[in-house]
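Starting from 1, each residue takes its place in the sequence as its number.
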Amino acid sequence: MESSKAIWQFYCVVLLLASAFAPSTSYWIRRGLTKDYVRIINNLNNQQLQYQCKSKDDDFGLRSLPPNGEYEWGFRVNLWGSTLYFCNFWYLDNHAVFDVFRDTIDFLYECGGAHCIWKAKEDGIYLFHIQTKEDKKMHDWEKIKA
């Protein structure tokens, strides 16, 4: 009887350790404890990138990035999992608008971690995956109708 209790306790400890190191569990543990970051990089050839980023509580205003310029901000997600930032981007007669950060496991996986790095290029906007060091095209530019 005593040995079955010890085995049961051993399985509980193993299960607890496994869940503590699983990606989805670590996501919940890190929430609010670490900072997340969004970075915007202008990789347009000799063109200014105009952008405006917002959340429910913050509006960074209309900004401009020179070629090869970067802008980054850091923040802590809220406990309800509703942290969201989106941006409007413009260059010449092109426009794009999309979420640059969502507090979800899938979104953080796409970023490759707590740094979401967006690169504006002539053919679209790319997300840089920090772990694989690869750019993935996520959004096409839309032509602005006059």
Side-chain angles (χ1 to χ4, degrees), residues 7-146:
I7 291 171
W8 175 249
Q9 288 174 337
F10 172 76
Y11 284 129
C12 287
V13 168
V14 168
L15 181 62
L16 181 66
L17 288 172
S19 65
F21 293 102
S24 62
T25 304
S26 62
Y27 164 78
W28 291 103
I29 291 171
R30 70 173 276 289
R31 182 183 293 239
L33 299 177
T34 61
K35 271 189 148 182
D36 289 279
Y37 297 88
V38 172
R39 183 182 309 163
I40 299 165
I41 301 173
N42 180 357
N43 283 156
L44 299 168
N45 288 331
N46 300 316
Q47 294 294 326
Q48 290 282 117
L49 175 68
Q50 306 293 322
Y51 64 96
Q52 183 173 17
C53 298
K54 298 180 182 183
S55 73
K56 178 182 172 190
D57 301 319
D58 300 307
D59 182 345
F60 299 126
L62 185 60
R63 296 175 177 248
S64 182
L65 273 179
N68 299 313
E70 298 184 11
Y71 176 73
E72 180 177 272
W73 72 93
F75 52 92
R76 295 190 193 285
V77 298
N78 64 38
L79 295 175
W80 300 273
S82 62
T83 303
L84 173 104
Y85 284 93
F86 69 95
C87 297
N88 279 280
F89 297 91
W90 300 271
Y91 97 96
L92 299 176
D93 61 347
N94 299 291
H95 175 254
V97 61
F98 55 89
D99 295 343
V100 295
F101 181 86
R102 281 190 314 269
D103 186 21
T104 65
I105 294 170
D106 293 340
F107 198 86
L108 292 174
Y109 176 78
E110 286 288 327
C111 293
H115 284 78
C116 294
I117 302 171
W118 296 94
K119 297 180 179 182
K121 300 181 182 187
E122 280 78 15
D123 67 330
I125 302 197
Y126 290 73
L127 181 59
F128 178 75
H129 192 282
I130 243 171
Q131 294 172 350
T132 64
K133 309 284 190 245
E134 295 177 354
D135 292 336
K136 179 180 177 184
K137 187 176 182 183
M138 303 294 284
H139 303 281
D140 288 317
W141 292 106
E142 294 180 20
K143 291 289 183 192
I144 298 172
K145 295 176 180 146

For the [atom1] atom of [X] and the [atom2] atom of [Y], what is their distance to the nearest 0.5 Å?
| X | Y | atom1 | atom2 | answer |
| --- | --- | --- | --- | --- |
| Lys56 | Leu84 | NZ | CG | 11.0 Å |
| Phe89 | Gln50 | CZ | CD | 12.0 Å |
| Asp59 | Lys54 | CG | NZ | 4.5 Å |
| Leu92 | Trp141 | CG | CH2 | 9.5 Å |
| Tyr85 | Asp103 | OH | CG | 11.0 Å |

Practice task
Could you give me the CA-CA distance, side-chain angles and deciding distance for Ile40 and Arg63, then say whether side-chain contact (heavy atoms from CB on, under 4.5 Å) is met?
Solution key: CA-CA 11 Å; Ile40 299 165; Arg63 296 175 177 248; over 6 Å; no

Results of salt bridge (charged side-chain N to carboxylate O under 4.0 Å, His left out) for [X] - residues two or more places apart only:
| X | answer |
| --- | --- |
| Glu122 | none |
| Glu72 | Arg39 |
| Asp140 | Lys137 |

Practice task
Identify which one of Tyr51, Phe98, Tyr37 satisfies the ring pair (Phe, Tyr, Trp, His ring centres under 6.0 Å) criterion when paired with Trp118.
Solution key: Phe98

Side chains of [X] and [Y]: closer than 4.5 Å at any heavy-atom pair?
| X | Y | result |
| --- | --- | --- |
| Asp36 | Thr83 | no |
| Leu44 | Leu65 | no |
| Cys53 | Trp73 | yes |

Practice task
Please list, chain by chain and in numerical order, all residues satisfying ring pair (Phe, Tyr, Trp, His ring centres under 6.0 Å) with Phe107, sequence neighbours excluded.
Solution key: none

Exercise for the section: Please list all pairs passing the salt bridge (Lys or Arg N to Asp or Glu O under 4.0 Å) test where one or both residues lie in residues 91-100, with sequence neighbours left out. Expected result: Asp93-Lys143, Asp99-Arg102

Can I get a per-line list of side-chain donor-acceptor pairs under 3.5 Å for residues 123-131, giving both atom names and the distance, sequence neighbours left out?
unit_1, atom_1, unit_2, atom_2, d
Asp123, OD1, Tyr126, OH, 3.1
Asp123, OD2, Tyr126, OH, 2.6
His129, ND1, Gln131, N, 3.3
His129, ND1, Thr132, N, 3.2
His129, ND1, Thr132, OG1, 3.3
His129, NE2, Tyr109, O, 3.2
Gln131, NE2, Gly112, O, 3.3

Exercise for the section: Scan side-chain atoms only and decide if Gln48 and Asn42 contain a donor-acceptor pair under the 3.5 Å cut-off. Expected result: no

Exercise for the section: Using the six-membered ring wherever Trp is involved, compare the ring planes of His95 and Trp90 and label them parallel, tilted or perpendicular (cut-offs 30° and 60°). Expected result: tilted

